[in-house]
There are 2 protein chains.
Amino acid sequence: MATGRTHRPATRSRGIPEATVARLPLYLRALTALSERSVPTVSSEELAAAAGVNSAKLRKDFSYLGSYGTRGVGYDVEYLVYQISRELGLTQDWPVVIVGIGNLGAALANYGGFASRGFRVAALIDADPGMAGKPVAGIPVQHTDDLEKIIQDNGVSIGVIATPAGAAQQVCDRLVAAGVTSILNFAPTVLTVPDGVDVRKVDLSIELQILAFHEQRKAGEETAAGDGAHPAAARDASSADQGPDGDVPAVMPA
Amino acid sequence: MATGRTHRPATRSRGIPEATVARLPLYLRALTALSERSVPTVSSEELAAAAGVNSAKLRKDFSYLGSYGTRGVGYDVEYLVYQISRELGLTQDWPVVIVGIGNLGAALANYGGFASRGFRVAALIDADPGMAGKPVAGIPVQHTDDLEKIIQDNGVSIGVIATPAGAAQQVCDRLVAAGVTSILNFAPTVLTVPDGVDVRKVDLSIELQILAFHEQRKAGEETAAGDGAHPAAARDASSADQGPDGDVPAVMPA
DNA sequence: ATGTCTTTGTGAACGCGTGCACAAAGATGG
DNA sequence: CCATCTTTGTGCACGCGTTCACAAAGACAT
């Protein structure tokens with residue numbers, strides 16, 4: 001593997017930090033917006049502001065991908081879009097199945113964010129026989145009985161679970177047995193999966209509870225006045241200015 | 001320019017680590033399930049298994065709340081449910097507004113997880129005049145014009161944004177100006193908010209992209225070892241995969 | 001070519017989160 | 001009451017992620 005003086009440092013060896021991977025989609029989105037505005041290059045400072053992160057962090061993140069910047073100039077937008085897309089595996093098409101076509105599942109099926117980047121809704125699956133054949137977002141819903149066949153026929157490796165909590169683990173087991181190795185779980189349950197299967201969870205209730213914690217803490221800190229009502233935040237919120245989005249100062253949310 | 005960041009130790013008073021706060025809802029859910037089964041006590045080992053975390057981590061998490069366990073026995077389920085609920089601020093009722101009643105907003109309005117734990121959907125708000133008055137999940141949709149009045153009349157401090165990306169920042173600004181200090185953002189945009197306002201984001205597209213990254217990595221590792229261990233991974237669509245190191249024939253900055 | 005200026009890439013320090021391992025504490029049985 | 005057993009609570013070490021600060025690298029002007 002001795003390539004002599006390679007242009008590329010060995011940082012590429014193995015393993016981009018997980019925290020970096022989680023931010024790459026954020027950078028990609030900001031870069032795509034710049035690309036659509038035909039911006040040729042961008043500095044780490046500008047891009048970091050657009051993505052809402054620290055510029056040093058952004059540079060370090062990119063350093064794991066390779067040296068794709070030009071000192072004194074910045075990053076080539078188009079080139080970086082391609083590199084990040086490739087790193088994330090978005091240059092190929094990922095067929096996805098959504099299981100559980102209730103309110104949430106239907107909303108996900110209609111969500112435009114899927115098709116926009118490499119993801120394609122291959123099938124919608126629901127346990128209700130009455131749903132079978134009924135089109136949602138232009139795709140006919142299929143019955144759970146055919147889950148394994150659908151997975152295999154379409155080569156699906158990513159599954160989205162939007163079922164009630166009680167059915168989630170069972171659906172998960174069937175998905176995994178059929179060959180799915182990545183699961184995005186919207187059901188409020190802890191899924192147990194074998195090694196080699198990735199699970200990410202999106203839990204609305206948990207997010208709200210975390211917000212409530214901070215909200216309570218904020219309310220508790222202002223105990224100077226024994227208010228009986230809710231403090232309607234009469235703080236110095238001078239942020240109502242909504243100019244045309246030029247260069248906004250980056251405020252880093254905690 | 002001196003940085004305006006005065007090193008304020010306000011949040012460091014008696015802070016529970018953020019990572020712990022994020023897990024408390026998980027524990028609470030597991031404990032609630034035990035409570036419904038009338039289980040009187042639970043050990044850290046059992047509860048950790050139910051929540052899908054390490055038992056040492058769970059004990060350390062609880063140690064930030066206080067010594068609520070009994071050595072040799074475990075934790076009293078009911079008592080712990082109450083303590084965590086109180087810590088998270090769930091013993092009070094949090095009115096929540098949902099802005100943007102499209103597919104996702106409607107799904108959120110119908111989501112049972114809100115009402116189940118201290119959260120109450122106080123209002124649904126949409127910019128479409130045609131939606132006004134139309135009931136969704138039993139709640140009539142109100143127009144954006146009345147946003148400020150709705151917030152203040154109901155003492156809302158938590159807002160959920162489910163609008164298209166283009167409208168999110170504007171809605172966010174109005175929410176914050178009206179007194180909202182916690183925002184759950186479903187729009188694929190980076191929100192800029194003043195200090196003191198918490199923002200949590202839920203981004204389906206980002207989650208999928210993170211899964212795709214790991215999926216690609218898993219697929220790439222298979223080529224090294226000729227295993228074929230994956231049952232239904234006969235799919236080999238990515239025949240044109242350049243090596244992870246390949247210089248691609250793309251635009252290269254001069 | 002040379003100097004200056006801008007911006008990247010990264011070494012190093014620091015803080016946070018995690019998990020081990022064990023002493024302390026209390027229950028339980030004799 | 002004492003011994004033993006179970007389980008908590010936590011000190012400690014380690015690794016990851018973040019941030020600072022700066023040298024290196026290249027663009028650009030002269």
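Note on naming: letters A, B, ... go to the chains in the order of the sequence lines (proteins, then strands), and numbering restarts at 1 for each one.
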**Q.** Partners meeting side-chain hydrogen bond (donor to acceptor under 3.5 Å, both in side chains) with Thr163(A) (sequence neighbours left out)
**A.**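 Result, side-chain hydrogen bond (donor to acceptor under 3.5 Å, both in side chains) vs Thr163(A): none returned.
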
Measure from [atom1] on [X] to [atom2] on [N] and round the result to the nearest Å.
{"X": "Phe62(A)", "N": "dT7(C)", "atom1": "CZ", "atom2": "C1'", "value": "14 Å"}
{"X": "Lys60(A)", "N": "dC22(D)", "atom1": "NZ", "atom2": "P", "value": "15 Å"}
{"X": "Ile16(A)", "N": "dC16(D)", "atom1": "CD1", "atom2": "P", "value": "15 Å"}
{"X": "Glu18(B)", "N": "dT18(C)", "atom1": "CD", "atom2": "P", "value": "11 Å"}
{"X": "Asp76(A)", "N": "dG26(D)", "atom1": "CG", "atom2": "P", "value": "16 Å"}
{"X": "Leu65(B)", "N": "dT8(D)", "atom1": "CG", "atom2": "P", "value": "15 Å"}

Q: Would you please indicate if the ring centroids of Phe62(B) and Tyr68(B) are separated by under 6.0 Å?
A: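 Distance test on ring centres: not under 6.0 Å, no.
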
Q | Any donor-acceptor N or O pair under 3.5 Å, side chains Gln209(B), Ser205(B) | A |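 The answer is yes; a qualifying pair exists.
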
The side chain of [X] lies closest to which of these nucleotides: [options]?
{"X": "Thr70(A)", "options": "dA27(D), dG17(C), dA27(C)", "answer": "dA27(D)"}
{"X": "Val73(B)", "options": "dA27(C), dG17(D), dT18(C)", "answer": "dA27(C)"}
{"X": "Arg59(A)", "options": "dA21(D), dG17(D), dT18(C)", "answer": "dA21(D)"}

Q: Begin with the C-alpha distance, continue with both residues' side-chain angles, and end with the deciding distance and a verdict on side chain to side chain contact (heavy atoms under 4.5 Å, CB included) for Ile161(A) and Leu175(A).
A: CA-CA 10 Å; Ile161(A) 296 179; Leu175(A) 287 174; 3.8 Å; yes

**Q.** DNA chain D contacts made by residues 25-58 of chain B, counting heavy atoms under 4.0 Å
**A.**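 The stretch gives Ser43(B), Ser44(B) as the residues lying under 4.0 Å from the strand, ordered by number.
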
Q: Kindly indicate, with the supporting measurements, whether the criterion side chain to side chain contact (heavy atoms under 4.5 Å, CB included) is fulfilled by Phe186(A) and Glu207(B).
A: CA-CA 11 Å; Phe186(A) 285 86; Glu207(B) 299 299 324; over 6 Å; no

Q: Confirm from the modelled atom types if Arg71(A) and dT8(C) form a donor-acceptor pair under 3.5 Å, side chain to base only.
A: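 Checked by distance alone, the answer is yes.
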
Q: Using atom types as modelled and distance alone, determine if a side-chain donor or acceptor of Glu45(A) lies under 3.5 Å from a backbone N or O of Ser55(A).
A: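 Not at all, since once roles are kept as given, no pair shorter than 3.5 Å links the two residues.
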
Q: List for me each residue that meets ring-ring contact (aromatic ring centres under 6.0 Å, His included) alongside Phe213(A), sequence neighbours excluded, and say none if there are none.
A: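 For Phe213(A) there are no ring-ring contact (aromatic ring centres under 6.0 Å, His included) partners, ignoring immediate neighbours.
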
Q. Phosphate oxygens OP1/OP2 of dC16(D): is one of them under 4.0 Å from a side-chain N or O of Tyr64(A)?
A.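 Indeed not, no polar side-chain atom of Tyr64(A) lies that close.
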
(Q) Students often get this wrong, so: under 4.0 angstrom with heavy atoms, is Tyr68(B) touching a base, only sugar-phosphate, or nothing? (A)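 The answer is sugar-phosphate, as Tyr68(B) gets under 4.0 Å only of primed atoms, P, OP1 or OP2.
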
(Q) Counting the atoms with a prime plus P, OP1 and OP2 as sugar-phosphate, which does Tyr75(A) contact under 4.0 Å by heavy atoms, base, sugar-phosphate, or nothing? (A)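 Tyr75(A): backbone/sugar contact only, no base atoms under 4.0 Å.
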
